[in-house]
Every structure is written in structure tokens, then in C-alpha cells.
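Everything below concerns the one structure shown next.
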Amino acid sequence: NAGVMQNPRHLVRRRGQEARLRCSPMKGHSHVYWYRQLPEEGLKFMVYLQKENIIDESGMPKERFSAEFPKEGPSILRIQQVVRGDSAAYFCASSPGTGLDYGYTFGSGTRLTVV
Amino acid sequence: AQKITQTQPGMFVQEKEAVTLDCTYDTSDQSYGLFWYKQPSSGEMIFLIYQGSYDEQNATEGRYSLNFQKARKSANLVISASQLGDSAMYFCAMQHTGSEKLVFGKGTKLTVNP
């Protein structure tokens, strides 16, 4: 029973390029969350999605960032025209339901470096 | 506003000794959950232990226990019999009932010395 799979593990992009980060939730999990971890910081919530729906994107920057969780396939976090400040670790988590009765399972993260 | 404070940027402990990592939180809600995660140098986030705000007993999971003091709004992690493999960043986090967001502290870097 595979855990939350994120790829790539490491991603290097030049300023102005696009970054696409993928997350496959655990089998049976229909809720996906993205978090960002800046250097020397804790994780910060970005967005919460269910299949084909964005439920809460209150932590997403207003520009250049988007997320989707299509009916088929992984969830994608897309960062357009990356800048140096986007360099961070991006974590995906999934859960089978909502609320405190259901724990999160985190993936291993994608480390994005913008050069 | 929800806030998690971890006042110890770094902690050192001798192998086989116990260590307490501090966590205080700020909330006006009555129903919430508190979590501790471990992040080793390899970077993944590993769930350690959970405490519900209405749980009367302190949570325990193997060598991990959570010293929950609701009136003081603290949820300290106690690691007993430290091992070299416990060296890592440790994050305290909170989630409110009805919210899907985890709010994290800045973490404490624990180093276990042989």
C-alpha cells in the first residue's frame, strides 16, 4: 500500500520557467493538501482540494500559483514564471476524510530550487 | 488567530536520556487537535503523536509522550531513552475542528549525542 507519492523529488528551474509538482495520494484518499516549507521555517498551508474541486485556496499566492486535482491522475501544483523566492520544499498530504478523526499522510516533498 | 510557538531553536541530549521539546499554542477555540511531526535530514514529514483537546489522558506512542496542559496551552513532546536516530527537526502543529489546515511552529532541531 504505497504512501503519498510526490515527484520529482528535486526540481531545478531557471527564473521565468514553469514548475509542475505532482502528488498521487494514498489509495482511497480523496482529499489532498499542499504545504510549502521555506528554509528554516515550518510548513505553511497553501491549498486543499478534493477530486475536481478546490475547497480552500486561502494560502495560495494570488498570482502565478495554481493547483488542480483532476478526476483521473495526480494532483498538480503549478508555479508559472518562477522567481528565486519560490525556492522551497513543497509537501503534499492526503487523507480519506475531513476532520480530526482522519489524519494526514505526508509525501516526501519536492525541493524546488530556482536559479 | 491560531499560532504555534516553539521557543527552542535547538536542543541537545545525550543518548539514552529523556528530552522535552516545548510547544505552546494560541487559540480561542475549544475543540482542536495537536500534532508532533519529525523531519529527519532526508526531509520527509513523519507523524509521531496526536492529542485531542478533549482527551483527558496524555497521548503516548512508544517512546513518545505528549505532556498536554490545556490551561497553560502547552503540548510538550517528551522523548524517552533518546537514540541517535532521533536527531532531526521536530514540528508541533495544530488543527481546529472544522478546519482542514494544519498550523505549524517553526520547529526545534534536536541533536542526540553519543
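Lettering of chains follows the sequences in order, A, B, ..., and the numbering in each one begins at 1. Reckoned from all heavy atoms, side chains included, excluding hydrogens, waters and symmetry mates.
- Atoms CD1 and CD, from A/I55 and B/E100 in turn, are 9.5 Å apart once rounded to the nearest 0.5 Å.
- More than 12 heavy atoms of other residues, nucleotides or ligands shown are found within 6.0 angstrom of NZ on B/K70.
- Atom NZ of B/K16 is surrounded by 12 or fewer heavy atoms from other residues, nucleotides or ligands within 6.0 Å.
- Counting non-hydrogen atoms of neighbouring residues, nucleotides and ligands closer than 6.0 angstrom, the NZ atom of B/K109 reaches no more than 12 such neighbours.
- Only the side chain of B/F35 comes within contact range of chain A, with at least one heavy atom under 4.5 Å from a heavy atom of that chain.
- Neither the backbone nor the side chain of A/T105 comes within less than 4.5 Å of any heavy atom of chain B.
- Counting heavy-atom neighbours within 6.0 Å of A/Q81 CD, excluding the residue itself, gives a total of 12 or less.
- The residue among A/H31, A/Q37, A/E40 with the most heavy atom pairs within less than 4.5 Å of chain B is A/Q37.
- Atom-to-atom distance recorded for B/Q95:CD and A/Y104:OH is 5.0 Å, nearest 0.5 angstrom.
- Surrounding CE of A/M60 are more than 12 heavy atoms belonging to other residues, nucleotides or ligands, all under 6.0 Å away.
- A/I76 and A/L49 fall into different hydrophobic clusters, where Ile, Leu, Val, Met, Phe, Trp and Tyr residues are linked whenever their side-chain heavy atoms come under 4.5 Å apart, directly or through other members.
- Within the 4.5 angstrom heavy-atom criterion, no atom of A/Q6 approaches chain B.
- Once rounded to the nearest 0.5 Å, the distance linking CG of A/L43 with NZ of B/K101 reads 14.5 Å.
- By the neighbour-count criterion of 12 heavy atoms within 6.0 Å, atom NZ of B/K106 is sparsely surrounded, having that number or fewer from other residues, nucleotides or ligands.
- With a 4.5 Å cut-off on non-hydrogen atoms, B/F91 touches chain A through its side chain but not through its backbone.
- The greatest number of non-hydrogen atom pairs below 4.5 Å with chain A, out of B/H96, B/M45, B/M89, is found for B/M45.
- Heavy atoms closer than 4.5 Å to chain A are found nowhere in B/Q6, neither backbone nor side chain.
- When all heavy atoms are compared, the tightest approach of A/F45 to B/L102 is CB-O, 4.5 Å.
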**OP:** Please assess A/F91 against B/Q39 for the test side-chain contact (heavy atoms from CB on, under 4.5 Å), listing each intermediate value before the final yes or no.
**Re:** CA-CA 12 Å; A/F91 286 91; B/Q39 188 176 44; 3.3 Å; yes
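- Within a 6.0 Å radius of CZ in A/R15, no more than 12 heavy atoms belonging to other residues, nucleotides or ligands are found.
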